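Bear in mind that the values here come from a model prediction, so they are computed numbers and not experimental data.
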Amino acid sequence: MKKSSIRKYSFKKNTRRITGKEKKYGLKYWWREQQAENRKKLSVIIICAAAAIAVISGSALTAIVLRSKTVYAAFYGIPEAVSGELTRQIREIRSGRIKFIILNPAVPLPRNTAKRYDLLFTWTGRQTENFSKKAARLPDSVYNLMPAPVRKAGQTNNGYYAVPLLIDNYELAFYRTYRNNAKLLLPETLDDFEKYLETIKRYTDVPLMCSGGDDRTLIALVSALAESMCGSAGYEKLFETVGTEKNFENILSVTLSGDNTFTSVLDRIRSWQRKKLIHPLWYMATEQDVLTLMKNHLTGVIFMALSDHRKKPLVLIKYYDSTRFLPDTANAVHALVAPVIAGIAFSSKTEKQEILENLIHTDNQEQLSTISGLAPASSRAEANDRQADDVRFWAASCQGGPVPDLSSAAFTKPEQSVAFATAVREYLKQ
């Protein structure tokens, strides 16, 4: 065999020095050294892992602490201007961490609202009353800052659960020119109001108008008339029935007060339609239709919310004088169908309740009234103008206080309100 064909192997010499102990004890000593080194490495790993766990635990604990120190305030269905002003005021009241959440008004309030949020600002009604047992009770001194009837807007059988902040109202706005031409005073009762409409028919084809194509406005007119005819007790019976009874025919037959049923309420509106005291198709009319009539001086009285009054052009609305929806004198005790924006505290911690207490103070109430154009709940605060001041007076003068329209008083889901408005329209078409 040739030398060139022989594969050559090379062995790398081990350069590690062998210690004296290794020479003496051999493999046994080497094994001990390896074990000791492994233990050191394991200790380092354990220490690093413990440090990592401590960092993670610390971060979680920090998050928990921060959440406990953060105030969560939710806004549901209220005007953007109001939520913006409330945000500003709350930031001034509390210097700590605050998180503001805008909830979707197209869906009902979550069932865990009381657990997720410390404060809730929304319109009072059936939805808010469902959380009344979970609301924190504030000192009576807070409610002493507002007229006694107004306090009722934040009260259930369980006591006070919400702090009223602002009051809207469904008003009757009278066109001054026709009133002056007919030499009429503003009516004070429901019967006087119907006589007023009959009189101004000489000057206009549309004595009374309302944007009834909007479900909320249509239901509001029905609500205001039902309260007027049946009093606060009868109206309360109506919204309790409407909220639980799914059959519209059964709602029509319910007795509200004396001989008055819900059919009586709707039939009175139908009589207005037949007599042309109100536009025959008012329940299909839009806000633009109302505005067109105003521009052409073709209507004598408009039913609308104070918040809608604020949106009308000044050049038109300045010729209208407003009153509350007029009561039927057959009933001694009345409420005012006037939606109320209120604050609810779900936390029993004093610092979070103090936010609501501060919002009812005079300076904050005046700012809220100025920004929104609505009436302040506080009896001491200066209202934005005469219209807002009148609303507060009317709410305070009604023994039943301000109450929500049927949309808020009876329903918790938008589709329920839509179905009810549709049923009312069908009845009025007959």
Side-chain angles (χ1 to χ4, degrees), residues 77-79 81-82 123 166-179 186-187 190 193 196-197 200 204 206-228 269 272-273 277-279 281-327 336-341 369 372-375 383-395 402-408 417 421 424-425 428:
I78 63 177
V82 176
W123 301 98
L166 291 168
I167 311 169
D168 201 347
N169 175 54
Y170 288 105
E171 65 180 32
L172 293 170
F174 294 79
Y175 184 47
R176 196 177 305 126
T177 299
Y178 293 156
R179 182 163 60 86
L186 289 172
L190 184 60
F193 177 55
Y196 181 98
L197 296 178
I200 64 171
T204 176
V206 188
L208 175 61
M209 191 53 176
C210 170
S211 58
D214 173 67
D215 290 344
R216 183 114 201 183
T217 305
L218 178 139
I219 293 174
L221 178 58
V222 171
S223 302
L225 182 59
E227 196 290 322
S228 173
I269 297 177
W272 292 353
Q273 294 170 189
L277 299 183
I278 191 171
H279 194 288
L281 296 177
W282 72 272
Y283 48 79
M284 302 295 290
T286 65
E287 274 295 322
Q288 186 57 49
D289 294 327
V290 173
L291 193 61
T292 299
L293 291 175
M294 292 177 70
K295 288 178 178 178
N296 292 284
H297 314 289
L298 295 176
T299 187
V301 185
I302 302 171
F303 174 86
M304 59 183 164
L306 173 61
S307 51
D308 291 327
H309 178 124
R310 300 301 188 193
K311 299 174 186 176
K312 298 290 189 291
L314 180 60
V315 68
L316 299 177
I317 200 64
K318 69 180 182 180
Y319 295 107
Y320 287 79
D321 299 310
S322 300
T323 71
R324 57 162 293 187
F325 195 90
L326 300 165
L336 183 71
V337 179
V340 171
I341 295 176
S369 180
S372 66
L374 303 181
N384 176 59
D385 58 10
R386 182 174 58 83
Q387 282 82 17
D389 195 45
D390 284 345
V391 168
R392 179 174 52 186
F393 171 76
W394 296 329
V403 293
D405 57 81
L406 287 171
S407 292
S408 295
S417 183
V424 169
R425 283 193 186 91
L428 295 176

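- Two residues are said to be in side-chain contact when any heavy atoms from C-beta on lie closer than 4.5 Å; Arg425 and Asp215 meet this criterion.
- Trp123 and Gly77 get closest at one heavy-atom pair: NE1-O, 3.0 Å.
- Pairing each heavy atom of Tyr178 with each of Gly300, the nearest pair is CD1-CA, 3.8 Å.
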CA sep, side-chain torsions, deciding dist, call: Thr323, Asp390, side chain to side chain contact (heavy atoms under 4.5 Å, CB included): CA-CA 8 Å; Thr323 71; Asp390 284 345; over 6 Å; no

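- Considering all non-hydrogen atoms of both residues, Arg176 and Lys318 come closest at NH2-O, 3.0 Å.
- For the residue pair Leu374 and Ser369, the shortest heavy atom distance occurs at O-OG, 2.8 Å.
- Residues Ile341 and Pro79 form a side-chain contact, since some pair of their non-hydrogen atoms from C-beta on lies under 4.5 Å apart.
- Between the CG atom of Leu218 and the CE atom of Met284 there is a distance of 10.5 Å, given to the nearest 0.5 Å.
- In this structure the side chain of Tyr320 reaches within 4.5 angstrom of the side chain of Met294, judged on heavy atoms.
- The distance from atom CZ of Arg216 to atom CG of Asp214, rounded to the nearest 0.5 Å, is 9.0 Å.
- Ion pair Arg386/Asp389 not flagged as a salt bridge, since none of the NZ, NE, NH1 or NH2 atoms sits closer than 4.0 Å to an Asp/Glu carboxylate oxygen.
- Considering Val337, Leu221, Asn169 as possible partners of Phe325, the one that fulfils the side-chain contact (heavy atoms from CB on, under 4.5 Å) test is Leu221.
- Side-chain contact between Val206 and Trp282 is absent, with no heavy atoms from C-beta onward closer than 4.5 Å.
- Under the side-chain contact (heavy atoms from CB on, under 4.5 Å) test applied with Ile278, the options Trp272, Tyr283, Phe303 reduce to a single match, Trp272.
- Using bins of under 30°, 30° to 60° and over 60° for the plane-to-plane angle, the ring pair His297/Tyr175 lands in the parallel bin.
- No side-chain heavy atom of Leu326 sits under 4.5 Å from any side-chain heavy atom of Ser228.
- One distance of note links CG of Leu208 with NE2 of His279; it measures 11.5 Å at 0.5 Å rounding.
- Atom CG of Leu190 is separated from atom CG of Leu225 by 6.0 Å, given to the nearest 0.5 angstrom.
- The nearest pair of heavy atoms linking Ala395 to Ile167 is CB-CD1, 4.2 Å.
- A side-chain contact (heavy atoms from CB on, under 4.5 Å) with Met304 is found for one member of Ile317, Val290, Leu172 and no other, namely Ile317.
- The closest side-chain donor-acceptor pair between Ser322 and Glu171 falls under 3.5 angstrom.
- For the pair Tyr170/Pro339, a side-chain contact is recorded, criterion being any heavy-atom separation below 4.5 Å from C-beta on.
- Looking at heavy atoms from C-beta onward, Pro313 lies in side-chain contact with Leu291 at the 4.5 angstrom threshold.
- A pairwise comparison of heavy atoms in Thr204 and Leu298 identifies OG1-O, 2.5 Å as the closest pair.
- To the nearest 0.5 angstrom, Ser211 atom OG is 9.5 Å from Ile302 atom CD1.
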Candidate pair Glu287 and Lys311, rule side chain to side chain contact (heavy atoms under 4.5 Å, CB included), full reasoning: CA-CA 10 Å; Glu287 274 295 322; Lys311 299 174 186 176; over 6 Å; no

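- Using modelled atom types, one finds no donor on one side chain facing an acceptor on the other under 3.5 Å when comparing Asp289 with Thr292.
- Atom OH of Tyr196 and atom CD1 of Ile200 lie 5.0 Å apart (nearest 0.5 Å).
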Stepwise side chain to side chain contact (heavy atoms under 4.5 Å, CB included) check, Val424 with Ile219: CA-CA 8 Å; Val424 169; Ile219 293 174; 5.9 Å; no

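- Salt bridge annotation for Arg310-Asp168: absent, with no cationic side-chain nitrogen under 4.0 angstrom from a carboxylate oxygen.
- Between the side chain of Thr217 and the main chain of Gly212, no donor-acceptor pair closer than 3.5 Å is present.
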